Amino acid sequence: MVRSFPFDRKSLVGCAVVLAAMAWGALPGCTPFQMGMTAYQQGDYESAHAHLQPLADKGDRRAQYLVGYMHEQGQGVEPDHASAADWYAKAAEQNHPAAQNNLGLLYYTGQGVEQDYPKAADLYRRAADKGYAPARANLGLLHYYGHGVAQDAGRAEHLLKRAAKQGDAGAQLALGRFYYEEGRHAQAEPWLERSAERNNVAAQNTLGLMYDRGDAVRQDPGEAAEWYRRAAEQGDVAAQNNLSLLYITGRGVVQDDKQAYAWASRAAEQGAAEAQFSLGAMYYDGRGVAQDDTQAAEWYRRAAEQGLAMAQTNLGLMYLQGEGVPQDEDEARKWLRKAAEQQTPQAEYSLGWLYHKGRGVEADQQRAAQWFGRAADRGFVLAQTKLGLMHLKGEGVAQDDQVALRYLTLAAEQGHGLAQNNLALMYAKGRGVPRDYAQAANWFKRAAEQGDAHAQHRLGVMYAHGRGVNQNETTAHHWYSLAAAAGHEDAAALRDALAQRLTPEQIEQSQRFTQAWLDRRNGQTAHVAGATNEVVND
């Protein structure tokens, strides 16, 4: 909706700039209204209110509108929407179009008055009939959404275009957003740009989003960054957050964690939950700021209290681990449940893990499986793997190789090494599927390339015996060596036994393969498999 503001700087009738120590009444040639407006323009809202209130009491509609606006915004007086509505109503009765428009907005939002769409529409219409652009735009929006008037996109477009052509930046923004929501992005861009060039921050941020996503205009993160910056420098919270995200990723700007932190801080201090979450992540990772778990937890908490699900999830996990906060499994469960109620798969999985392990609750494999199932059905790979293993063992659920195969396949196709290894075991043993050594070797290799020591060992066995792959003892020695380096004792014994049959040239070739593989992994430690791989034995 388009709000009316107290004055247009181009038409403002002002008085001389007055120092705070001077008596306002001593200014010759200035009417009380002009003096009040000058004080308002200078940001001296208490003096402005002192000059305007007596005029409003005497029935001056201009003063009544301004006093209403000051009550609405809390300028010079305590914020009070009910008082704002009363003063707007007095001015509206005297046909003040801006007061009619702003009173209509209060009825639309239900602030200070009972929400009433038809009443809002009537007030907008009265102001629109006088040619008042913001009211025309607002009436158009009501027709678009069918709030208090008949839903009519054609009528909405007509009113929005008339208002936008009058040059009102808010109306131009509204028309641009109308076209954008209609999917007519090419028509949206010029109106948004007109509004943005008049320093409408919402239009600037929206243009930034269009260039960021490539909607109707070419995708250009650099251009997006410029529009975000223009809005961000005027204090727009959404733009500050969006600009911060560009600096985090280095899209359209030189990647700069400190700049990301600076812009996220400005948005977070204004209460933006997404920016507060970003700050929490930056403190947790030590990006752009010194690593500090306590600060991370605090910023996650601020965002979590506003209902941001990922912040609730991360705060819950910090309570679970005792990072930045005292370890408290009850608090962990509370925040994880809040996030899970918003269908956040990581939180659903984490609640399942609490019940699976009996952390802060009595162990309950059935409830664990229920939470894992919710997350798994949303595509969360850890939950898919865990639920597949539970069905293999009949833990908390009916033992069912077919269901296990389905969940493990879903996780394996997302690249999860543990799922790939266990899926390979199912193919190798013919559990839930006809035995297929070629498929087994394929999935063992995918898991082995990720550093799974058990998969490396089993892949070595398959190369040694030619199961599902062409027999190649040099390659077998290579995979045994990798598994042995990760601490797999059986693989070490098989490697040493195999080495007795290989030539020095074959061993040298295997060692080169092994070193090249380790170099590609950049020193990452291979996974040492534990009890999670006990489902099917060799």
Side-chain angles (χ1 to χ4, degrees), residues 357 381-382 384-386 388-390 392-393 395 404-405 408-409 411-412 414-431 435-538:
K357 296 294 185 182
V381 67
L382 295 178
Q384 291 170 338
T385 301
K386 190 61 186 173
L389 294 175
M390 292 180 80
L392 270 179
K393 295 183 286 186
E395 183 181 21
L405 181 73
L408 288 172
T409 300
Q414 290 194 68
H416 193 256
L418 176 58
Q420 291 168 341
N421 185 39
N422 280 278
L423 182 60
L425 287 170
M426 294 189 74
Y427 277 107
K429 292 297 181 182
R431 287 195 60 175
R435 178 175 286 177
D436 187 332
Y437 286 130
Q439 280 281 20
N442 170 55
W443 288 113
F444 278 141
K445 186 171 185 179
R446 294 196 192 187
E449 289 288 2
Q450 295 190 63
D452 187 295
H454 276 299
Q456 291 167 343
H457 161 243
R458 288 165 179 137
L459 187 58
V461 171
M462 300 195 84
Y463 272 106
H465 296 283
R467 293 178 183 169
V469 292
N470 294 326
Q471 186 179 27
N472 188 319
E473 291 187 327
T474 302
T475 303
H477 186 275
H478 159 63
W479 287 113
Y480 286 152
S481 296
L482 287 173
H488 198 293
E489 293 182 2
D490 289 346
L494 289 170
R495 176 202 60 194
D496 294 342
L498 183 58
Q500 301 300 315
R501 301 199 301 272
L502 299 181
T503 67
E505 290 78 15
Q506 289 174 311
I507 292 174
E508 182 182 357
Q509 184 181 31
S510 169
Q511 290 173 341
R512 286 201 307 271
F513 288 161
T514 300
Q515 188 58 52
W517 189 93
L518 292 171
D519 289 343
R520 287 199 308 273
R521 295 282 291 178
N522 293 320
Q524 296 180 19
T525 303
H527 295 210
V528 180
T532 49
N533 277 303
E534 85 288 2
V535 179
V536 181
N537 297 316
D538 280 335

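Please read all numbers here as calculations on a predicted model, not as lab measurements. Below, each value reflects all heavy atoms present in this structure, side chains not excepted, and no hydrogens, waters or symmetry copies.
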Problem - Pair T514, H478: side-chain N/O donor-acceptor within cut-off below 3.5 Å - result: yes
Problem - L425 vs F444, side-chain contact (heavy atoms from CB on, under 4.5 Å): CA-CA, chis, key distance, verdict - result: CA-CA 8 Å; L425 287 170; F444 278 141; 3.8 Å; yes
Completion exercise
For A441 and G468, the nearest pair of non-hydrogen atoms, with its separation, is CB-O, 4.1 Å
Exercise for the section: In sequence, state the C-alpha distance, the side-chain angles, and the governing distance for F513 and W479, and then conclude on side-chain contact (heavy atoms from CB on, under 4.5 Å). Expected result: CA-CA 9 Å; F513 288 161; W479 287 113; over 6 Å; no
Exercise for the section: Using modelled atom types only, decide if a donor and an acceptor are shared between the side chain of Q471 and the backbone of A464 within a distance under 3.5 Å. Expected result: yes
Exercise for the section: Taking the side chain as every heavy atom from C-beta outward, state whether Q456 and H488 have any pair of such atoms under 4.5 Å apart. Expected result: no
Problem - Side chain proximity check, L408 to L392, heavy atoms < 4.5 angstrom - result: yes
Exercise for the section: Please check if the side chain of Q515 supplies one atom and the backbone of R512 the other of a donor-acceptor pair under 3.5 Å. Expected result: no
Practice task
Starting at CD of Q414, measure out to OG1 of T385 and round the result to the nearest 0.5 Å.
Solution key: 8.5 Å
Handout entry: CG-CD distance between L502 and Q509, expressed to the nearest 0.5 angstrom
Key = 10.0 Å
Problem - Exercise: identify the closest heavy-atom pair between A448 and W517 - result: O-CZ2, 3.5 Å
Problem - Partner of N421 under side-chain contact (heavy atoms from CB on, under 4.5 Å), chosen from Q450, H416, H454 - result: H454
Practice task
Answer yes or no: is there an ion pair linking K445 with E449, defined by an N-O contact shorter than 4.0 Å?
Solution key: no
Handout entry: Interatomic distance, M462 atom CE to R467 atom CZ [nearest 0.5 angstrom]
Key = 7.0 Å
Handout entry: Side-chain touch L405/T409, heavy atoms, less than 4.5 angstrom
Key = yes
Exercise for the section: Decide yes or no for H477 and Y463: does some side-chain heavy atom of the first lie under 4.5 Å from some side-chain heavy atom of the second? Expected result: no
Problem - Approximate separation, where rounding is to 0.5 Å, of R458 CZ and D490 CG - result: 10.0 Å
Problem - I507 side, atom CD1; R495 side, atom CZ - distance, nearest 0.5 Å - result: 10.5 Å
Problem - Heavy-atom pair of closest approach, residues A428 and A440 - result: N-CB, 3.8 Å
Problem - Shortest non-hydrogen contact from A447 toward A455 - result: CB-CB, 3.6 Å
Problem - Check: L482 and L518 side chains under 4.5 Å, non-hydrogen atoms - result: yes
Practice task
Determine, stepwise, if the pair Y427 / R435 fulfils side-chain contact (heavy atoms from CB on, under 4.5 Å).
Solution key: CA-CA 5 Å; Y427 277 107; R435 178 175 286 177; over 6 Å; no
Problem - N/O donor-acceptor pair under 3.5 Å between Q420 side chain and D452 backbone - result: no
Handout entry: Parallel, tilted or perpendicular: ring planes of H457 versus Y480, cut at 30 and 60 degrees
Key = tilted
Problem - Shortest non-hydrogen contact from A419 toward A412 - result: CB-N, 3.7 Å
Practice task
Could you walk me through whether L418 and L389 pass side-chain contact (heavy atoms from CB on, under 4.5 Å), step by step?
Solution key: CA-CA 10 Å; L418 176 58; L389 294 175; 4.2 Å; yes
Problem - Spatial distance of atom CD (E473) from atom OG1 (T503) [nearest 0.5 Å] - result: 10.5 Å
Handout entry: Closest approach of A491 to A484 (non-hydrogen atoms, all atoms of both residues)
Key = CB-N, 4.0 Å
